[in-house]
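Working notes for the structure below.
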Amino acid sequence: MDSSTPPAEHTLSPYAGGLHIGNSLSRQKEQFTPFNAPYVGMYVCGPTVYSNVHLGNVRTFLTFDVVYRYLLHLGYKVRYVRNITDVGHLTGDTDDGEDKIGKKARLENIEPMEVVQRYTNDFHDVMRVFHILPPSIEPTATGHIVEQIGMIARIIENGFGYEANGSVYFDVRKYAESHNYGELSGRRIDELQNQTRALDGQDEKRDPLDFALWKKADSSHLMHWPSPWSEGFPGWHLECSVMSTKYLGKSFDIHGGGMDLKFPHHECEIAQNMGAHGPEQPVRYWIHGNMLTVNGRKMSKSEGNGFTPEELITGNHKLLEKGYSPMTVRFFMLQGHYAGTLDFSNPALQAAEKGLERLMSAWGLLEELAPVEGGEPQPDLVALRDRAYAAMNDDFNTPVLIAVLYDAVKVINSVASGRMGMDAAGIDALRALFQDFAHDILGLDHEASDGDASTDRADGLMEVLCALRNEAKTNKDWATADLIRDQLAARGVQIKDGKDGTSWTFD
RNA sequence: GGUCUGGUGGCCGAGUGGCUAGGCUCAGCUCUGCAAAAGCUGCUACAGCGGUUCGAAUCCGCUCCAGACCUCCA
């Protein structure tokens with residue numbers, strides 16, 4: 001970051017041009033062409049911080065973490081905005097228009113912002129555990145009330161919003177005269193018409209399809225702000241329109257979120273943006289991550305079939321046979337494509353655990369491989385790398401990328417066991433492959449091996465034990481050799497005898 | 001009812017017209033003092049019924065089944 005460096009000649013990876021993204025708006029895979037390369041703007045709908053994050057959230061944010069990581073790897077300068085929703089949204093169980101966070105606060109008799117802070121902290125902790133990178137900007141809804149009021153005013157000015165009793169609603173019918181409301185989710189306005197339901201403020205609306213931009217607060221509301229229309233709070237969909245526009249512009253490259261936000265949330269976002277700023281599509285590529293299911297059912301708070309990340313890690317939940325490490329979970333999720341549903345089950349998780357172990361141990365071996373120069377035919381590592389890029393370029397196909405890595409695992413194991421010789425260039429290529437794709441892009445890492453002092457010491461001790469055991473083996477003292485091996489195994493250390501020496505892994 | 005997604009081998013999960021996905025499990029073999037690890041080999045599937053095609057898991061139609069969304073939800 002030397003400021004004297006001349007700006008730029010920013011070089012994109014030659015693979016950047018090959019990236020194709022499954023665009024929910026067109027329902028097709030499209031070549032990725034940013035508005036203003038090498039800059040890329042990406043907005044992802046973040047969590048509502050009124051309770052702990054659950055695994056479904058994690059999956060969505062993991063999906064976009066990999067998107068973010070890959071774009072960075074390709075050389076893009078990405079501004080990644082992921083909001084924190086800390087106001088407003090109706091409660092599910094009542095129709096009184098109550099503020100979710102306000103309700104929770106009253107229940108627990110604490111300040112709303114205390115609730116927000118607590119669960120924001122929890123959210124950040126969980127993201128860190130799963131190696132999900134922080135976004136470039138993490139704006140909050142409460143921090144953008146002024147901008148939200150401004151956007152409402154513009155929408156009213158443009159004739160797409162109206163005030164009623166201190167609340168402001170978006171006029172969907174009016175908007176639909178000149179715009180294609182429903183284009184993202186494939187809905188037609190006339191069909192939506194039939195499905196009305198009882199909701200607060202319904203009588204204030206000109207049409208049941210209209211949605212709130214601003215809601216007047218009643219006395220029970222703890223979170224409210226002054227506005228030209230009333231003391232109240234912003235509507236459910238507004239913050240994302242406002243914050244994406246503020247930080248990424250009226251038109252930007254990528255907007256992501258969970259499938260369940262497609263309608264009405266994202267549809268309304270589009271309507272608000274176009275209603276406020278004019279005819280251009282606000283988003284070029286919409287990406288929707290699919291749901292996480294448990295026993296074939298969507299994991300959700302109301303179903304009661306969700307477990308928290310902590311429960312998953314500790315195994316302390318009735319649906320879990322045991323705990324699974326964060327990297328196992330991350331790897332498991334990456335073994336499915338983001339656009340499909342992914343079903344959580346114990347056997348599937350355990351398979352991922354073992355698979356990851358094999359991947360990791362080969363990756364670890366990579367550091368110790370000794371090059372053999374000359375002669376032997378080398379596997380085509382360039383082709384391997386090409387396949388890795390091809391996988392990611394095909395709509396971030398991480399399962400296929402992982403399959404490529406397993407091909408590399410076979411090569412590594414063959415070299416490590418002396419069945420195959422490899423020159424230094426080949427070994428470097430393999431190391432680069434894992435560094436780039438397993439570490440940087442998939443965000444995988446060796447978990448407990450941070451190279452801290454205690455690990456170093458444990459390694460030293462292990463070397464002593466292995467030396468003793470090999471001594472015993474040389475003397476054909478099998479009893480002693482097996483004693484060492486079994487005792488270590490009982491303490492979670494696995495001994496692996498190879499052609500040239502003994503290695504070990506910790507549980 | 002409407003919109004949409006999906007039904008792939010023992011399990012998970014890629015694959016959109018012809019060529020091995022991959023992981024896990026299981027069986028056999030190699031290696032090994034034994035075991036583990038590793039390697040090799042095998043188990044070769046595409047909901048059903050029609051249609052298009054020289055050829056379909058892949059395209060079209062219908063049927064069945066599952067799930068999501070249509071109400072806050074990643």
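Note that these values count all heavy atoms, side chains included, but never hydrogens, waters or copies made by symmetry. Here is the naming used below: chain letters follow the sequence lines, and residue numbers restart at 1 for every chain.
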Would you kindly give the [atom1]-to-[atom2] distance between [X] and [N], to the nearest whole Å?
X: Met333(A); N: C12(B); atom1: CE; atom2: C1'; value: 14 Å
X: Ile132(A); N: A74(B); atom1: CD1; atom2: C1'; value: 11 Å
X: Glu269(A); N: C72(B); atom1: CD; atom2: P; value: 14 Å
X: Ile412(A); N: G39(B); atom1: CD1; atom2: C1'; value: 14 Å
X: Leu359(A); N: A38(B); atom1: CG; atom2: C1'; value: 15 Å
X: Asp394(A); N: A14(B); atom1: CG; atom2: P; value: 12 Å
X: Asn57(A); N: C72(B); atom1: CG; atom2: C1'; value: 13 Å

Whichever of Gly186(A) and Lys476(A) has its nearest RNA chain B nucleotide further upstream toward 5': Gly186(A)
Residue closer to the 5' end of RNA chain B, Ser345(A) versus Arg419(A) (nearest nucleotide): Ser345(A)
Select one nucleotide: of [options], the one nearest the side-chain heavy atoms of [X].
X: Phe332(A); options: A14(B), C12(B), A74(B); value: C12(B)
X: Lys410(A); options: A21(B), G23(B), C34(B); value: G23(B)
X: Asn290(A); options: C40(B), U5(B), C12(B); value: U5(B)
X: Asp482(A); options: C34(B), G13(B), A74(B); value: C34(B)
X: Trp236(A); options: C72(B), A21(B), A35(B); value: C72(B)
X: Ser414(A); options: G39(B), C34(B), G23(B); value: G39(B)
X: Arg485(A); options: G22(B), A35(B), C11(B); value: A35(B)
X: Leu261(A); options: A21(B), A74(B), G15(B); value: A74(B)

Check: Arg187(A) side chain, C4(B) base, donor-acceptor under 3.5 Å: no
Pairing residues for Met127(A) by the side-chain contact (heavy atoms from CB on, under 4.5 Å) criterion, not counting sequence neighbours: Val58(A), Phe61(A), Arg82(A), Phe123(A), Ile132(A)
Residues which pass side-chain hydrogen bond (donor to acceptor under 3.5 Å, both in side chains) with Gln350(A), listed by chain and number, not counting sequence neighbours: Glu321(A), Tyr324(A)
Between [X] and [N], is there a side-chain N or O to OP1/OP2 distance below 4.0 Å?
X: Asn413(A); N: G39(B); value: yes
X: Lys354(A); N: U25(B); value: yes
X: Arg358(A); N: G39(B); value: yes

Ring pair (Phe, Tyr, Trp, His ring centres under 6.0 Å) involving Phe170(A) - partner list, sequence neighbours excluded: Tyr175(A), Phe211(A)
Validation: residues 358-370 of chain A side-chain donor-acceptor distances under 3.5 Å, sequence neighbours left out:
none

Lys/Arg N to Asp/Glu carboxylate O, Asp407(A) vs Lys410(A), below 4.0 Å: no
Centroid-centroid distance, Phe332(A) to Phe344(A), less than 6.0 Å: yes
Whether His266(A) and Trp286(A) hold their rings parallel, tilted or perpendicular, with breakpoints at 30° and 60°: tilted
Could you check whether [X] gets within reach of a base, just the sugar-phosphate, or nothing at all, counting any heavy atom under 4.0 Å?
X: His288(A); value: nothing
X: Leu342(A); value: sugar-phosphate
X: Gly182(A); value: nothing
X: Arg59(A); value: nothing

pi-stack flag for Phe61(A) and A74(B), centroid dist under 5.5 Å, interplanar under 30°: no
Distances under 3.5 Å between nitrogen or oxygen atoms of protein and nucleotides 41-46 of chain B:
none

Among Leu184(A), Thr60(A), Thr63(A), side-chain contact (heavy atoms from CB on, under 4.5 Å) partner for His288(A): Leu184(A)
Side chain to side chain donor-acceptor pair (under 3.5 Å) pairs, two or more places apart, involving residues 392-404 of chain A: Lys29(A)-Asp394(A), Tyr70(A)-Asn393(A), Tyr338(A)-Asp395(A)
Separation between the C1' atoms of U71(B) and C64(B), rounded to whole Å: 30 Å
